[in-house]
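Presented below is the structure to which this report refers.
Positions are given from 1, in the same order as the sequence printed here. Because the structure is predicted, anything quoted here is derived from the model rather than measured.
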Amino acid sequence: MEYKLHITVLILVIIAEIIGVQRFNLSNTVSIVIMPLLYAMLIGLGLYLWKDFKYIGKHESKVAEGLMILFMTPLLAKLAISSGQHLDILTHVGPAIVLQEFGNLGTIFLALPVALLLGFKRESIGMTSSICREPNLGVIFKRYGFTSPETRGVLTVFVIGTIIGTVFISLLSSFFTALPFHPYALAMASGIGSASMNAAAVTPLLAIYPQYSSTIQAFSGFSNLISFCFGLYMTIFIGLPLTEKLYYWLEPIIGRTTSATIPEESYENDKIKKVKIDKEIKKLTPKRVGEWIILLLIFSIIVTIGNYVGGHSGKLVTTFNGMLILSAIGFVGILCERLLPKNISSIIYVSVIGILLSMPWSPVANMIIYYVEEVNLIAIVTVYLGYVGISIGRDWKQFKKLGYRGIIVTCFVITGTFLGSVLIAQAVLMLTGSI
């Protein structure tokens, strides 16, 4: 029913795809690749902030936010199918994919000293113990309480990361291609446990290394799945205890005498409720199921058009069929989360289903791969981030309240995770003779 929202996203996606991939050479060896997904997100945010644009307001922004989990599932299915398709290759690089997960601890070593130098106190523990996405928030909430400085810290990075995370990690990934890292290592480092950041980090790699396109998606998808499954335990058993110890050791040495404490009023009253790890849609009804189907069809149509306009494929019908397959996998994953016990996230279900259907011995693998390969990951991410850009508009005031110190720490948090993972992945790939 939200035709204004969907039409707006369609138009901004067409504009973003027409602009296309832009490469800026900073030197003979260093270049930055700007992807259409960045234009889509920034245009969406700009339209929300543009007061004279009546099509997009708080209502549309709230609706777009509610669609994030639903529209994330086809994106995850695309990565999962690439992973299943290349399962034979993954058996040779498995140690690197698993061990690079420990690279997430790089956030602590890189970002915690920065947070202390900028004047943060106990907030720095929440800010730097993890990448600060949804699962990590639950850990901090439960351990320190909703009104603790640690919670205000993790919320700071969460909010700022929501606004700038995809843009920053896309540029970061592009910059790292100028360094002596193998594309496989960069792909593994992209799977940091956030679907949107994962996709944003991968897309520059696809543009720079088209010869490794499917393999990059496979490694990235598997890495992200591992981060989803085990990243929470990494935070609980290693990340938080390590951050606490380093804090008590470093704070007396490099902590500033002045404090950059984050006031509680920097967040909306419902901010903590908003980011808790609860299901976006709690009740499963026939009406709601029908709405999911319609919304996934709309998303598939917009992606198909964007895919065509961006020159990723000229086969409209084949591309649309590929999107229908990805949407069906996402739809089943969402149903499984709500119908099956154990409270397993739809993210896990979608990833596992996609991998199983596309494995070499799956009877439907060839058919699925034929259609899904016509759907470019960049096109899916561009549409997804178009909605994200509109949805984050309501967080803009909170973003401005959090200040430059929070932005600096957030950038170091993301950089620390990416850098730590790529270093470990590169080292293990070289030691095992995989590269």
Side-chain angles (χ1 to χ4, degrees), residues 2 4-5 8-9 12 37-69 71 115 118-121 123-124 126-128 131-134 136-137 140-141 146-171 194 196-197 200 259-278 280 384-414:
E2 303 296 335
K4 292 191 293 184
L5 172 63
T8 300
V9 171
L12 67 86
L37 63 94
L38 299 183
Y39 313 136
M41 181 176 172
L42 294 176
I43 294 172
L45 174 61
L47 291 176
Y48 176 85
L49 298 176
W50 184 15
K51 301 302 181 184
D52 293 332
F53 189 76
K54 305 300 182 183
Y55 259 50
I56 297 298
K58 289 185 178 180
H59 173 71
E60 286 74 23
S61 178
K62 187 175 182 179
V63 171
E65 182 182 38
L67 296 175
M68 290 300 94
I69 290 179
F71 288 167
L118 289 172
F120 290 107
K121 298 300 181 184
E123 294 91 348
S124 63
M127 297 173 91
T128 65
I131 194 65
C132 297
R133 303 325 294 162
E134 288 85 345
N136 310 116
L137 298 181
I140 301 296
F141 291 167
F146 290 124
T147 59
S148 66
E150 292 85 357
T151 291
R152 290 199 294 274
V154 75
L155 282 172
T156 296
V157 176
F158 179 86
V159 173
I160 295 175
T162 301
I163 302 289
I164 69 168
T166 50
V167 175
F168 179 76
I169 200 169
S170 179
L171 297 174
S194 166
S196 57
M197 286 194 198
S259 175
T261 298
I262 305 161
E264 192 171 352
E265 58 269 20
S266 293
Y267 306 97
E268 293 177 348
N269 293 331
D270 65 345
K271 179 60 63 179
I272 291 178
K273 294 179 182 177
K274 174 183 169 183
V275 298
K276 284 176 67 176
I277 321 170
D278 54 355
E280 288 292 314
Y384 178 76
L385 288 186
Y387 285 98
V388 169
I390 293 172
S391 74
I392 62 178
R394 293 189 307 131
D395 290 326
W396 190 250
K397 289 183 180 179
Q398 280 65 49
F399 173 75
K400 292 192 295 183
K401 287 180 182 179
L402 296 174
Y404 74 92
R405 291 186 179 92
I407 296 173
I408 292 173
V409 173
T410 301
C411 290
F412 273 93
V413 165
I414 297 171

Min side-chain heavy-atom separation Tyr55-Glu60 under 4.5 Å = no
Non-hydrogen atoms of Met41 and Val167 that approach each other most closely = SD-CG2, 4.1 Å
request  = Mind checking the CG-CD spacing from Leu155 to Glu150? Nearest 0.5 Å is all I need.
outcome  = 11.5 Å
message = Using 0.5 Å steps for rounding, measure from the CG atom of Asn136 to the CZ atom of Phe141.
response = 10.5 Å
ask   = For Phe168, does the CZ atom sit with more than 12 other heavy atoms under 6.0 Å from it, leaving out its own atoms?
value = yes
Closest approach of Glu2 to Val63 (non-hydrogen atoms, all atoms of both residues) = CG-CG1, 3.7 Å
Leu49 CG to Lys397 NZ distance, which is reported to the nearest 0.5 Å = 10.5 Å
Side-chain touch Ile408/Leu118, heavy atoms, less than 4.5 angstrom = yes
inquiry  = Classify the ring geometry of Phe53 against Trp50: parallel below 30°, tilted from 30° to 60°, perpendicular beyond 60°.
reply    = parallel
key: Closest non-hydrogen atom pair, Ala64 against Ile390   = CB-CG2, 4.2 Å
query = Can you list the steps and then say if Tyr387 with Leu5 is a side-chain contact (heavy atoms from CB on, under 4.5 Å)?
reply = CA-CA 8 Å; Tyr387 285 98; Leu5 172 63; 3.9 Å; yes
task = List the steps and the verdict of side-chain contact (heavy atoms from CB on, under 4.5 Å) for Lys54 and Lys4.
result = CA-CA 10 Å; Lys54 305 300 182 183; Lys4 292 191 293 184; over 6 Å; no
query = Where do Leu385 and Ser196 come nearest, in terms of heavy atoms and distance?
reply = CD2-CB, 4.4 Å
task = Quick one: do Val409 and Ser124 satisfy side-chain contact (heavy atoms from CB on, under 4.5 Å)? Show the steps, please.
result = CA-CA 9 Å; Val409 173; Ser124 63; over 6 Å; no
Pairing residues for Tyr48 by the ring-ring contact (aromatic ring centres under 6.0 Å, His included) criterion, not counting sequence neighbours = none
message = Tell me the closest heavy-atom pair linking Thr128 and Ala115, and the distance in Å.
response = CG2-CB, 4.3 Å
key: Gap between atom CD1 of Ile131 and atom CD1 of Ile169 - 0.5 Å precision   = 6.5 Å
Steps toward side-chain contact (heavy atoms from CB on, under 4.5 Å) verdict (Leu45, Trp396) = CA-CA 9 Å; Leu45 174 61; Trp396 190 250; 3.7 Å; yes
Leu12 side, atom CG; Ile56 side, atom CD1 - distance, nearest 0.5 Å = 8.5 Å
request  = Using modelled atom types only, decide if a donor and an acceptor are shared between the side chain of Ser61 and the backbone of Lys58 within a distance under 3.5 Å.
outcome  = no
message = I want to check something: taking the side chain as every heavy atom from C-beta on, are Leu171 and Leu38 in contact at a cut-off of under 4.5 Å?
response = yes
message = Testing the basics here: between Met127 and Gly153, what is the closest heavy-atom pair and its distance to 0.1 Å?
response = CG-O, 3.2 Å
CD1-OG distance between Ile164 and Ser170, expressed to the nearest 0.5 angstrom = 13.0 Å
